[in-house]
Amino acid sequence: MSTHFPFTAVVGQQDLQLALLLNSVAPNIGGVLVRGEKGTAKSTAVRALSALLPEVDVVSGCRFSCAPESPDPACPDGPHEAGTGVSRDARMVELPVGASEDRLVGALDIERALAEGVKAFEPGLLADAHRGILYVDEVNLLHDHLVDLLLDAAAMGASYVEREGVSVRHAARFLLVGTMNPEEGELRPQLLDRFGLTVEVAASRETDQRVEVVRRRLAFDDDPAAFAAKWADEEDALRARIVAARALLPEVLLGDAALRQIAATCAAFEVDGMRADIVMARTATALAAWAGRTDVLAEDVRQAALLALPHRRRRNPFDAPGLDEDKLDDTLEQNGGEDDDPDPDGPGGGGRPPRGDGPDTPPQPEGEDGDTPAPSVPGQGQGQSAGGGEQQPVRAAEPFRTKMLSVPGLGEGAAGRRSRARTEHGRTTGAVRPRGALTKLHLAATVQAAAPHQRARGRSGRGLVVRRDDLRQATREGREGNLVLFVVDASGSMAARQRMAAVKGAVLSLLLDAYQRRDKVGLITFRGKDAEVALPPTSSVDAAAARLELLPTGGRTPVAAGLLKAHEVLRVERLRDPSRRPLLVVVTDGRATGGPEPVALATRAARLHEAEGIASVVVDCESGPVRLGLAGSLARDLGGSAVTLDELRADSIAGLVKDVQETNRRAA
């Protein structure tokens, strides 16, 4: 049996520890989303928590961990009679990023269900995690429909599996913990809201604390058993405190004054819906129980707000989560909150978990907010650069809703909302013989395949005799996410401040569209003599928006360099993620300058993309009464289409006229 790093030995992550402990006391809080950079003990703390949870009593032989004193009447392994069971450790189940829907919720044997009427069900990870912990590392990289399924199960306390009218239900109550690195992409706001609490974690910048982290980690790696034994007393004390808080929780009173503070706080921060109020109420109650009290104080409401509201305040996808603590304090004070904080060193402990600090542990720094510094653009200086004609970055204009840009044809890439693709979810378009496990039965095609053989198979009753060869898998068509690679002209011809603000606003609008359609994005800029990858392909649209905001302008227009850099990026990405089809978006006025024969070089570079069938769109940024149409020529060389900034708007008159003209042309 492997030895986990002790929970109480984790250094400097008090908010993370507190959020996990509160959910272990009151799982109905709704779980924890841990956001932070890599190497900040996110996974270590979650895995260590499982060793602290009390043992659970289960019905012997039940695959769904029914409680012997009150077994689930709908348990697929039931019915069970109430009685004594067996004790086992609480489980921690990990959901891999690449897991299938059947692996998560379980699989129903369709062949036996049709032929025998038997609900032969193989439990999934949700059943394994019942009455334990379900841990999803890199939850932001998990497919949206899987996130929806596990969050629905966490909210309802049950999992439902349905296949062509045959359904199975089983209990699924667990402590849900997700970890993510925001640099690799964000969760949609709707999914963020479904997590009860969120915690931002970052590595300490304090030398003494970093030294202690390394010291403890090396000691654990040298002798895990001895290190765990050293912290055994602290672990036992914390385990006992969890049990005591669980027992005290039903006795905690959430008074009208605290409830009014909760409602006022959620209203003041303009949080959508009522989930935040409910989560705050449950969290404040758990905080009181954790501190050994039966009444909820203003300090509990404040701490609950800091854990439950930051991720619910994202007004648009590019807003960073956060909470104005001064505004929070003012709201609590105006609604009856007083500074009734007990002595943090007193018996209640101020609601903080033990930090696991030994006598030689350095003091823990306070006030670290975990904010990540704004990303820098390679080669960017402050202000004007020498000899390059570089201008300071300008702010992007207000984003707008863009027209739909898509890759032609039918793909088989990652689930998303942009281009047509064969997917697991979508409208049924046909049926094929299944390759591997059957997941989506096409009932009509299965019956049609089995019907001619009924007499030969000796059918005598009303039931249909179905064999494995008769089963047909439904083929479905939905939408996929693409790799949208932006190639942005940052040369002097684009440098007029009003014009560049409009260009940045257009790219920001396309980034917002990519976020909503679940695309990967990359950003290449070109100016002066060369092009550079400002952001390699990533799921973090937020990072692309930050790079765009800091983009300087000036110098010549090396269009060929930008297209060649894009060609190289797409070549590498094709090897990494071959199923994800690319969409090249070139934002330029098309005025290639610099070096010998810049226009001819740009043409040859564009035809490289055309030869490989890369779908492309040129956003024509040319303005003024005299237009050369160079961006349109570039689009033809790429084998793609060109749109002006005005036509890019979904609601533009020019765009509507163009759509009508295209419709009429096709009709003719």
Could you give the distance from NZ (Lys520) to OG1 (Thr538), rounded to the nearest 0.5 Å? 7.5 Å

Could you go through residues 479-488 and list every donor-acceptor pair under 3.5 Å that involves a side-chain atom there, pairing it with any protein atom two or more places apart or in another chain?
from, atom 1, to, atom 2, distance (Å)
Arg479, NH1, Arg418, O, 2.8
Glu480, OE1, Gly413, N, 2.9
Glu480, OE2, Asn482, ND2, 3.1
Glu480, OE2, Arg581, NE, 2.7
Glu480, OE2, Arg581, NH2, 2.8
Asn482, OD1, Ser419, OG, 2.7
Asn482, ND2, Arg581, O, 3.2

Check Lys565 with Glu568, please: is the shortest side-chain N to carboxylate O separation under 4.0 Å? no

Any donor-acceptor N or O pair under 3.5 Å, side chains Ser491, Asp489: yes

When you measure from the side chain of Arg210 to the backbone of Ser204, do you find a donor-acceptor pair of N or O atoms at a distance under 3.5 Å? yes

Minimum side-chain heavy-atom gap Leu328-Leu306 below 4.5 Å: yes

Donor-acceptor check, side chain of Thr588 to backbone of Gly590, threshold 3.5 angstrom: yes or no? yes

In chain order, what residues pass the salt bridge (charged side-chain N to carboxylate O under 4.0 Å, His left out) check against Arg574, with sequence neighbours excluded? Glu612

Heavy-atom pair with the smallest gap, counting every atom of Ala506 and Leu645: CB-CD2, 3.6 Å

Which residues satisfy the salt bridge (charged side-chain N to carboxylate O under 4.0 Å, His left out) test with Glu412, sequence neighbours excluded? Arg422

Within this structure, what is the NZ-CD distance for the pair Lys38 and Glu138, rounded to the nearest 0.5 Å? 11.0 Å

Starting at CG of Leu192, measure out to CE of Met180 and round the result to the nearest 0.5 Å. 7.0 Å

Okay, side chain of Arg517, backbone of Arg417: is any donor-acceptor separation there less than 3.5 Å? yes

Is the shortest heavy-atom distance from the side chain of Leu630 to the side chain of Glu622 under 4.5 Å? no

Straight-line distance of Arg527 CZ to Leu551 CG, nearest 0.5 Å: 7.5 Å

Give a yes or no answer on whether the side chain of His567 reaches the backbone of Ala605 with a donor-acceptor pair at less than 3.5 Å. no

Give, for atom CG of Leu125 and atom CZ of Arg103, the distance between the pair rounded to the nearest 0.5 Å. 4.0 Å

Donor-acceptor pair, distance only, cut-off 3.5 Å: does the side chain of Lys42 make one with the backbone of Asp137? no

Any sub-3.5 Å donor-acceptor pair from Gln473's side-chain atoms to Arg435's backbone N or O? no

Rounded distance (nearest 0.5 Å) linking atom CG of Leu584 with atom CD of Glu610: 12.5 Å

Are the charged groups of Asp519 and Arg580 less than 4.0 angstrom apart, N to O? no

Scan side-chain atoms only and decide if Asp620 and Thr644 contain a donor-acceptor pair under the 3.5 Å cut-off. no

Evaluation steps, side-chain contact (heavy atoms from CB on, under 4.5 Å), between Lys504 and Arg395: CA-CA 8 Å; Lys504 284 189 175 183; Arg395 294 186 62 83; over 6 Å; no

Does the Thr198 side chain pair with the main chain of Leu33, one donor and one acceptor, at a distance under 3.5 Å? yes

Keeping the roles fixed (side chain from Arg576, backbone from Val572), state whether a donor-acceptor pair exists under 3.5 Å. no

With distance as the sole test, does His311 use its side chain to make a donor-acceptor pair with the main-chain N or O of Phe195 at under 3.5 Å? yes

Just by modelled atom types, is the Gly478 backbone N or O under 3.5 Å from a matching donor or acceptor in the Thr423 side chain? yes

